[in-house]
Participant: 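Supplied in structure tokens, the structure appears directly below.
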Amino acid sequence: MPANRNALVRYKTIDQCLQNRRRRWTLDDLIEACSAALEEYEGMEQGVSRRTIQADIQMMRSEKLGYYAPIVVVEKKFYTYEDPDYSITHIPLSDQDLEMLGSAVEFMKQFKGFSHFRDLESMVQKFEAQLYSQRTHTQPVIDFEKNDNLKGLNFLEPIYQAIIAQQSLHITYQSFKARNADSFDFHAYLLKEFRNRWFVIGRRKQHASLHTLALDRMVALDAGRERYIPDPDFNPETYFRNNIGVTTQPNMAPEQVILFLAPTMAPYVLTKPLHHSQKLVEKTRHGTTISLEVQMNMELEKEILSFGNEIRVMAPIRLRRRIMQRMKEALEGYETDIEESNLVSTFRRLKHRGYASLNRVYTSGTMNLLLRFLETNLTPEEWLSESQGNLLVRFGQLKQLLLNNSLEQIIAKLEKPVQLASVKFLQFKPNLLLALQWSQALFFDDENPEPIPENGFESYLVFDDLYILPGLFQVFPGSHKQVLSAETIDVITANALPQVCDIAAGGILLMHPQLLRSFVPANFQRRIRLLRMVFVEE
């Protein structure tokens with residue numbers, strides 16, 4: 001390894017040591033640190049001499065390298081920087097450096113306007129901004145978008161070098177959906193940036209289709225074990241011609257996408273087209289219609305969604321429905337967030353009245369997922385009866401579906417921590433005549449006659465709107481404060497008016513286990529489905 005590279009390692013190590021003012025550095029300490037750095041970075045095991053480090057300190061102090069390092073010795077023993085904020089990495093460019101950079105910028109500017117060198121324009125602008133800042137000692141007048149904290153940037157250089165040298169790579173990769181990482185050899189052809197993220201396009205093995213890997217999902221990168229497989233037919237320009245972003249299907253034909261833009265958004269999209277195929281279809285005072293010829297992919301959907309309510313998909317119909325569904329789910333996400341003040345008042349009602357309702361705790365998507373889970377895992381007989389027992393005993397994954405963010409918010413607000421102990425599915429068929437039965441439901445379920453503890457509570461998750469069936473669920477507020485005898489229940493129900501509980505699908509009814517409640521007689525015209533959840537103290 002050239003001596004000048006070793007010297008740079010030593011200069012950098014000395015600089016890092018002297019910046020660390022929490023420790024006092026003797027010459028022997030600096031020798032030891034430099035020897036360790038050379039062994040780590042350059043594989044040198046013999047270490048460095050005292051004379052070498054002394055010469056390095058003198059070189060850093062001098063003007064030869066432009067460092068002018070203010071290294072001083074205190075107490076005739078310890079080395080430090082006189083200026084606590086000094087570092088050789090903070091050295092401004094010298095006049096000679098600026099002159100050389102200026103010449104380089106002027107040279108690169110000659111290529112501006114040529115299609116093959118169009119990508120140089122942003123680099124030239126960066127150089128010009130830096131030169132202006134250095135020469136005038138002012139803040140830069142141009143700032144480029146960057147994300148220095150993006151994961152995977154350390155893989156850029158080795159992947160780039162592997163593509164240039166036509167060498168395969170051994171990649172350990174874990175997608176966001178995968179539970180475990182996967183390792184494989186990869187033959188890279190192109191590095192591509194999109195929305196400030198980096199991707200590499202290549203093949204995993206011979207005759208396989210092209211893959212796109214995100215660098216921020218790479219765990220490790222080493223030299224490949226397979227012989228590199230080139231692809232002379234790969235052309236980035238044609239490969240990405242029909243899509244937005246990096247997700248592409250080479251054999252998928254592009255489709256015509258018709259978008260309607262609000263008047264306030266149209267100028268932004270017309271001056272910065274979404275895709276090179278963008279065409280103006282119609283422009284009126286109500287808005288602007290444009291067309292694109294692109295593949296259907298995730299990036300297209302995200303691009304459309306980024307405009308919010310100022311863009312509408314007119315065609316194709318399946319994309320229109322997909323965007324509508326995603327916007328609906330986004331709205332439901334806001335609606336199912338529970339405000340702090342609402343939680344406080346909810347538990348105040350639960351404590352004093354014995355019950356409280358919360359609408360929109362679950363989104364329609366989650367409710368459909370729960371129903372599909374129950375339909376799939378319950379037998380036809382269990383689906384139409386109440387004899388399933390505690391479903392948590394059989395289906396542990398049901399707890400994960402039920403404990404969404406909103407329900408966990410509710411549990412977190414309780415005075416004492418509780419856990420979900422029992423789940424039972426209840427379904428009432430259409431035209432079923434229910435008998436009037438008032439009770440204090442003190443037990444977990446039919447198979448577990450133990451009473452629910454005083455600090456526990458029940459929760460009924462509603463799959464079907466109860467407000468369209470007025471009076472289906474009725475309760476007597478305050479009746480939870482003691483266990484009532486059958487005679488007392490008869491007197492209360494015969495002489496007092498109950499409270500009606502109406503709640504929309506996706507909402508839950510929180511109930512103290514001793515609350516006096518009933519289902520009233522009714523000829524249902526539609527089925528009613530509920531999940532009874534019991535929570536007990538941990």
Side-chain angles (χ1 to χ4, degrees), residues 5 8-9 11-13 15-16 19 37 40-43 87-91 93 101 104-105 108 117-131 133-134 139-140 142-204 210-225 228 234 236-237 239-240 243-248 297-299 302-303 306:
R5 179 162 173 173
L8 289 175
V9 173
Y11 298 155
K12 184 177 180 181
T13 303
D15 180 63
Q16 291 174 342
Q19 284 184 77
E40 178 181 357
Y41 295 115
E42 307 298 343
S87 171
I88 62 173
T89 60
H90 299 161
I91 300 301
L93 295 173
L101 269 178
V105 167
M108 287 188 290
F117 297 93
R118 192 167 295 148
D119 290 342
L120 282 174
E121 293 186 13
S122 63
M123 184 166 56
V124 170
Q125 289 175 326
K126 291 179 183 179
F127 274 130
E128 287 182 318
Q130 181 65 22
L131 285 171
S133 174
Q134 291 285 351
Q139 293 294 328
I142 184 170
D143 186 28
F144 289 84
E145 183 180 0
K146 56 186 179 294
N147 185 353
D148 295 331
N149 296 321
L150 180 65
K151 291 182 60 179
L153 293 179
N154 55 306
F155 298 130
L156 270 174
E157 178 64 19
I159 294 175
Y160 171 78
Q161 295 296 340
I163 296 174
I164 297 298
Q166 293 196 339
Q167 295 176 346
S168 65
L169 295 163
H170 190 73
I171 296 174
T172 302
Y173 190 83
Q174 184 171 9
S175 69
F176 293 143
K177 296 181 180 179
R179 292 186 177 181
N180 301 305
D182 185 22
S183 296
F184 49 85
D185 273 17
F186 192 77
H187 311 272
Y189 305 136
L190 178 74
L191 279 165
K192 183 176 177 63
E193 185 187 20
F194 179 72
R195 295 287 188 271
N196 240 354
R197 304 181 87 95
W198 282 94
F199 304 83
V200 58
I201 292 85
R203 299 185 191 276
R204 290 186 59 165
L210 289 169
H211 280 66
T212 300
L213 304 179
L215 269 63
D216 59 359
R217 276 152 257 180
M218 290 183 181
V219 179
L221 186 69
D222 299 296
R225 302 160 189 171
Y228 184 79
F234 174 69
E237 185 176 349
Y239 185 73
F240 293 105
N243 71 299
I244 292 175
V246 296
T247 306
T248 183
N297 65 6
M298 177 182 62
E299 288 95 329
K302 289 186 175 180
E303 189 74 24
S306 69

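Numbers for residues simply follow the sequence, beginning at 1.
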Participant: In sequence, state the C-alpha distance, the side-chain angles, and the governing distance for R195 and E303, and then conclude on side-chain contact (heavy atoms from CB on, under 4.5 Å).
Facilitator: CA-CA 11 Å; R195 295 287 188 271; E303 189 74 24; 2.3 Å; yes

Participant: Would you name the heavy atoms of I244 and E299 that are closest together and state the gap between them?
Facilitator: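 What the structure gives for the nearest pair is O-CB, 3.2 Å.
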
Participant: How long is the gap from CZ on R197 to CG on L153, to the nearest 0.5 Å?
Facilitator: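 Reported to 0.5 Å precision, the distance equals 10.0 Å.
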
Participant: Is there a donor-acceptor pair closer than 3.5 Å between any side-chain N or O of Y228 and the backbone N or O of A188?
Facilitator: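 Between the backbone of A188 and the side chain of Y228 there is a qualifying donor-acceptor contact (under 3.5 Å).
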
Participant: Using a 3.5 Å distance criterion without hydrogens, assess whether the side chain of Q174 forms a donor-acceptor pair with backbone atoms of V219.
Facilitator: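 Absent.
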
Participant: If you round to the nearest 0.5 Å, how far is CG of L215 from CD of E193?
Facilitator: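 E193 atom CD to L215 atom CG measures 11.0 Å (nearest 0.5 Å).
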
Participant: Hey, is OH on Y160 packed in by over 12 heavy atoms from elsewhere, all under 6.0 Å?
Facilitator: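 No - once you tally the heavy atoms of other residues, nucleotides and ligands closer than 6.0 Å, there are 12 at most.
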
Participant: Does a donor on one side chain and an acceptor on the other come within less than 3.5 Å for D222 and H170?
Facilitator: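 H170 and D222 do not have a side-chain donor-acceptor pair below 3.5 Å.
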
Participant: Determine the minimum heavy-atom distance between I201 and F240, stating which atoms define it.
Facilitator: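 So the minimum-distance heavy-atom pair works out to CD1-CZ, 3.7 Å.
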
Participant: Working note: W198 + D216, criterion side-chain contact (heavy atoms from CB on, under 4.5 Å); need CA distance, chi angles, decisive distance, verdict.
Facilitator: CA-CA 8 Å; W198 282 94; D216 59 359; over 6 Å; no

Participant: Would you please indicate if the ring centroids of F234 and Y239 are separated by under 6.0 Å?
Facilitator: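 Ring centroids of F234 and Y239 are less than 6.0 Å from each other.
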
Participant: Could you tell me whether D185 and R203 have a side-chain N and a carboxylate O separated by less than 4.0 Å?
Facilitator: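 Result for this pair is no, no salt bridge flagged.
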
Participant: Given the ring of F184, does R204 sit roughly above its face, with NZ or CZ under 6.0 Å from the centre of the six-membered ring and within 45° of the axis?
Facilitator: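 R204 over F184 ring: yes.
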
Participant: If you define the side chain from C-beta out and look only at heavy atoms, does anything of H211 sit under 4.5 Å from V200?
Facilitator: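 SC-SC contact between H211 and V200 ruled out.
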
Participant: Supply the atom-to-atom distance L221 CG to N154 CG, rounded to the nearest 0.5 angstrom.
Facilitator: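 L221 atom CG to N154 atom CG measures 8.5 Å (nearest 0.5 Å).
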
Participant: Could you report the tightest heavy-atom contact between I88 and Y11, atom names first, then the distance?
Facilitator: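 Looking at all heavy atoms of both residues, the closest pair is CD1-O, 3.9 Å.
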
Participant: Could you state the interatomic distance from CZ (R217) to NZ (K151), rounded to the nearest 0.5 Å?
Facilitator: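 Answer rounded to 0.5 Å: 10.5 Å.
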
Participant: Nearest 0.5 Å please: distance from the CG atom of L169 over to the CD1 atom of I163.
Facilitator: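 It is 8.0 Å, given to the nearest 0.5 Å.
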
Participant: Is there side-chain contact between T172 and D182, with at least one heavy-atom pair below 4.5 Å?
Facilitator: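 Answer no - side chains too far apart.
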
Participant: Indicate yes or no for a side-chain donor-acceptor contact from Y173 to the backbone of A214 under 3.5 Å, with no hydrogens or angles considered.
Facilitator: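 Yes; at least one donor-acceptor contact below 3.5 Å.
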
Participant: Counting N and O atoms only, with roles assigned by atom type, does the side chain of N297 sit under 3.5 Å from a partner on the main chain of T247, one being a donor and the other an acceptor?
Facilitator: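 Present.
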
Participant: CD/E40 to OG1/T13 distance, rounded to the nearest 0.5 angstrom?
Facilitator: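 E40 atom CD to T13 atom OG1 measures 9.0 Å (nearest 0.5 Å).
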
Participant: Do you know which two heavy atoms are closest between G245 and K192, and how far apart they sit?
Facilitator: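 Between these two residues, the closest heavy atoms are O-CE, 3.8 Å.
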
Participant: Determine, stepwise, if the pair I159 / L191 fulfils side-chain contact (heavy atoms from CB on, under 4.5 Å).
Facilitator: CA-CA 8 Å; I159 294 175; L191 279 165; 3.7 Å; yes

